[in-house]
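This one's a predicted model, so the numbers in the text were calculated from it and none came from an experiment.
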Amino acid sequence: NIGKTGNELGFNMFVVGGFVRDLLLSRQIDDIDIVVEGDGIEFAKTYAKKEGCRINTYKKFGTAVIIYPDNFKIDVASARLEYYKTPAALPIVEKSSIKLDLARRDFTINTLAISLNPDNFGTMIDYFGANRDLKDKTIRTIHNLSFVEDPTRIFRAIKFSNRFGFKIGKVTSNLIKNAITIDCFKNLSGLRVLSELKQIFEEENPIPAIKTMESYGLEKVLHKDLTLIPNTYQLLESVNKILSWHDLLYMDEPYPRWAVYFMAMLNRCSYKVCEQICTRLNVPLRERGILLEKRYKAEKQLNLIESSSTYTKQELYWTLINFKTEYILYMMALVKDEEIKKAISNFYTHQRGIKPYIKGRDLLKLGLQPGPVFSAIIKQVLNAKLDGQLKTRKEEIQFAA
Ligand code: ATP
């Protein structure tokens with residue numbers, strides 16, 4: 001139907017980029033990117049009306065997102081050239097070739113397009129040797145100034161290479177080294193680097209990518225004093241194991257995966273260096289809190305637990321209940337004592353879900369006055385529950401009374 005609507009409007013329609021790449025690599029497909037030789041917004045409006053979808057449009061960029069009732073999304077971009085014949089004239093809009101749009105992309109493997117118009121539906125377009133590079137399992141840029149033009153592509157090259165198990169082509173690898181030598185990151189916004197880093201940390205196993213980053217000396221882009229030592233890699237490996245365990249058991253409980261890896265990477269840095277890294281990357285305030293204050297709090301608590309020989313189950317509960325998933329997982333990766341690791345894991349899998357049956361209204365019925373005493377009693381009930389003393393609601397009421 002996309003192609004048919006395109007035909008009605010006189011536009012050539014293509015599905016492009018990651019979708020085609022992932023299709024050929026038989027990988028799971030998360031989103032669809034469409035390029036329209038014509039006005040993408042006009043297409044999105046017409047198509048959404050026919051199919052009963054919502055749309056968001058971004059006039060300035062000539063892009064739109066089509067959102068189906070089940071929330072499935074299609075990104076639409078316009079391959080258009082706009083130019084002004086004289087300064088005061090109205091812009092002349094031309095259908096520009098899909099080739100120009102594809103030529104602006106980062107790597108050859110992202111430059112494939114498949115035609116969607118009924119006359120040539122399914123025809124694959126490969127201007128830049130994408131099929132060859134997919135077969136050779138190689139990441140290659142389209143032109144030699146690619147990394148100078150946009151240095152975030154260096155992180156993207158490493159991400160794709162790690163994700164697909166592809167090598168980075170020799171020329172491309174040299175271009176990366178050259179771009180780093182001429183200090184290409186100097187004027188780059190920290191937020192863009194942060195966004196690429198997060199994407200790398202969100203991959204199933206980012207450790208090979210971190211090693212590749214280090215092989216290019218990219219950690220120095222974050223901070224000249226950031227050094228990744230064998231201990232850092234051990235901790236990262238440990239994070240990877242814990243996150244795999246967690247994600248298998250708790251698929252539906254989202255948390256910022258990237259943050260756990262980032263915390264591990266910063267583990268050996270001084271507070272000042274971490275602060276400077278956050279400033280360099282323009283880390284937003286809330287996320288700064290994750291990487292700085294909250295991380296230090298988690299590390300401090302873990303030290304206290306590990307250095308005390310008398311930490312009870314209840315004390316552990318009341319300490320850990322204040323920390324979100326990302327910190328619990330970080331602590332589990334960091335902890336040295338196997339018994340404590342088991343106890344934290346037990347907290348996460350069992351104890352954190354334990355809730356008393358009794359509520360404030362039960363205490364009211366017992367003739368108690370609302371106030372701090374309520375939470376004190378609920379806390380005692382919970383402690384007794386954690387100890388296995390209370391099983392039923394009746395037992396809890398008796399205990400509270
Ligand atoms: P992912 O599976 O990680 O989402 P993707 O290929 O879909 O991979 P996006 O980051 O969603 O990647 O980008 C969509 C398309 O936009 C890519 O196929 C790529 O060609 C292009 N692109 C993204 N970032 C850049 C960039 N910095 N320079 C050039 N092209 C880019």
Quiz item: When rounded to the nearest 0.5 angstrom, what distance separates CG in Leu248 from CG in Leu243?
Solution: 12.0 Å

Self-check item: Side-chain donor or acceptor of Lys391 paired with backbone N/O of Gly388 under 3.5 Å
Solution: yes

Quiz item: Once you round to the nearest 0.5 Å, how far does OG of Ser195 lie from CZ of Arg156?
Solution: 8.5 Å

Quiz prompt | Phe166 six-ring face occupied by Lys137 cation (under 6.0 Å, within 45°) | solution = no

Quiz item: Salt-bridged, Lys159 to Glu203, with N to O below 4.0 Å?
Solution: no

Practice problem: Return yes if a side-chain donor-acceptor contact under 3.5 Å exists between Asp39 and Ser78, otherwise no. | Solution: no

Quiz item: What's the verdict on side chain to side chain contact (heavy atoms under 4.5 Å, CB included) for Lys379 and Trp318, showing C-alpha distance, side-chain angles and the deciding distance?
Solution: CA-CA 10 Å; Lys379 191 172 172 178; Trp318 291 108; 3.2 Å; yes

Quiz item: Do the two ring centres, one from Phe11 and one from Phe43, sit under 6.0 Å apart?
Solution: no

Practice problem: Would you check if the side chain of Glu51 reaches a backbone N or O of Ala48 as a donor-acceptor pair within less than 3.5 Å? | Solution: no

Self-check item: Heavy-atom pair with the smallest gap, counting every atom of Gly360 and Phe374
Solution: O-CE2, 3.4 Å

Quiz item: Can you tell me how far CZ of Phe14 sits from CD1 of Ile114, rounded to the nearest 0.5 angstrom?
Solution: 11.0 Å

Practice problem: Might you work through the side chain to side chain contact (heavy atoms under 4.5 Å, CB included) test for Val16 and Ile34, ending with a clear yes or no? | Solution: CA-CA 6 Å; Val16 297; Ile34 301 281; over 6 Å; no

Quiz item: Looking only at side chains, do Lys167 and Ser161 share a donor and an acceptor under 3.5 Å apart?
Solution: no

Practice problem: Over all heavy atoms of both residues, which pair between Leu316 and Ala343 is shortest? Give the atoms and the distance, please. | Solution: CD2-CB, 3.6 Å

Quiz item: Of the non-hydrogen atoms in Arg280 and Ser189, which two are nearest, and what is the gap between them?
Solution: NH1-C, 4.4 Å

Quiz item: Does a donor on one side chain and an acceptor on the other come within less than 3.5 Å for Ser115 and Asn120?
Solution: yes

Donor-acceptor contacts under 3.5 Å from residues 208-218 side chains, at least two apart:
from	atom 1	to	atom 2	distance (Å)
Thr212	OG1	Pro208	O	2.9
Glu214	OE1	Tyr233	OH	2.6
Ser215	OG	Thr212	O	2.6
Tyr216	OH	Ser173	OG	2.8

Practice problem: Assess the side chains of Tyr261 and Asn240: does a donor N or O sit below 3.5 Å from an acceptor N or O? | Solution: yes

Quiz item: Does atom NZ of Lys198 have more than 12 heavy-atom neighbours from other groups under 6.0 Å away?
Solution: yes

Quiz item: Salt bridge between Arg192 and Asp150, side-chain N to carboxylate O under 4.0 Å?
Solution: yes

Exercise. Search all heavy atoms of Ile378 against all heavy atoms of Ile358 and return the closest pair with its distance.
Key: CD1-O, 3.8 Å

Quiz item: Under 4.0 Å between a Lys/Arg side-chain N and an Asp/Glu carboxylate O for Asp106 and Arg153?
Solution: no

Practice problem: Take Tyr250 and Tyr348, measure what ring-ring contact (aromatic ring centres under 6.0 Å, His included) needs, and give me the verdict at the end. | Solution: CA-CA 11 Å; Tyr250 302 97; Tyr348 194 81; 5.2 Å; yes

Quiz item: Is any side-chain N of the basic residue among Lys220 and Asp225 closer than 4.0 Å to the acidic one's carboxylate O?
Solution: no

Quiz item: Just wondering, are more than 12 heavy atoms of other shown residues or ligands nearer than 6.0 Å to NE2 in His143?
Solution: yes

Quiz item: Is it true that Glu396 and Lys385 make a salt bridge, defined as a side-chain N closer than 4.0 Å to a carboxylate O?
Solution: yes

Self-check item: is_close_aromatic(Tyr330, Phe323), centroid dist under 6.0 Å
Solution: no

Quiz item: Step by step, would you call Arg140 with Arg132 a side chain to side chain contact (heavy atoms under 4.5 Å, CB included)?
Solution: CA-CA 11 Å; Arg140 282 202 184 95; Arg132 174 203 63 205; 3.6 Å; yes

Practice problem: Give a yes or no on whether the backbone of Trp258 and the side-chain of Glu202 come within a donor-acceptor separation of less than 3.5 Å. | Solution: yes

Exercise. Give the minimum heavy-atom separation between Leu112 and Ala130, together with the two atoms involved.
Key: CG-CB, 3.4 Å

Quiz item: Thr46 side chain to Glu42 main-chain N or O, any donor-acceptor pair under 3.5 Å?
Solution: yes

Quiz item: Would you call Glu204 and Arg27 a salt bridge, using N to O less than 4.0 angstrom?
Solution: no

Quiz item: Hey, which of Phe147, Phe185, Phe201, Phe160 is the one that makes ring pair (Phe, Tyr, Trp, His ring centres under 6.0 Å) with Phe155?
Solution: Phe185

Quiz item: With distance as the sole test, does Thr172 use its side chain to make a donor-acceptor pair with the main-chain N or O of Ile168 at under 3.5 Å?
Solution: no

Quiz prompt | More than 12 heavy atoms of other groups within 6.0 Å of Tyr296 OH | solution = yes

Quiz item: Which pair of heavy atoms, one from Val193 and one from Thr152, lies closest together, and at what distance?
Solution: N-CG2, 4.4 Å

Practice problem: Look at the rings of Tyr317 and Phe347 and say which category their plane angle falls in: under 30° parallel, 30 to 60° tilted, over 60° perpendicular. | Solution: perpendicular

Quiz item: Should we say atom OH of Tyr357 is surrounded by more than 12 heavy atoms from elsewhere, each under 6.0 Å from it?
Solution: no

Quiz item: Around Asp252, counting heavy atoms of other residues, nucleotides and ligands shown, do more than 12 lie under 6.0 Å from its CG?
Solution: no

Quiz item: Within the distance-only criterion (no hydrogens, no angle test), does the side chain of Ser97 pair as donor or acceptor with the backbone N or O of Lys99 below 3.5 angstrom?
Solution: yes

Quiz item: With no hydrogens and no angle check, is any side-chain donor or acceptor of Ser308 less than 3.5 Å from a backbone partner on Leu304?
Solution: no

Quiz item: Distance-only, no hydrogens or angles: does the Asp133 side chain make a donor-acceptor pair with backbone N or O of Thr108 under 3.5 Å?
Solution: no

Quiz item: Is the side chain of Asp101 donor-acceptor paired with the backbone N or O of Ala79 at a distance under 3.5 Å, no angle test?
Solution: no

Quiz prompt | Ile229, CD1: over 12 other non-hydrogen atoms inside 6.0 angstrom | solution = yes

Quiz prompt | N/O donor-acceptor pair under 3.5 Å between Asp136 side chain and Thr138 backbone | solution = no

Practice problem: Run the salt-bridge test on Glu339 and Lys342 with the 4.0 Å N-O cut-off and return the result as yes or no. | Solution: yes

Quiz item: Does the pair Leu25 and Arg21 meet the rule for a side chain to side chain contact (heavy atoms under 4.5 Å, CB included), with working shown?
Solution: CA-CA 6 Å; Leu25 292 173; Arg21 177 199 69 211; 4.1 Å; yes

Exercise. Look at Glu299 together with Arg295 and state whether they make a salt bridge at an N to O cut-off of under 4.0 Å.
Key: yes

Exercise. Answer yes if the side chains of Gln28 and Asp30 hold a donor-acceptor pair under 3.5 Å, and no otherwise.
Key: yes

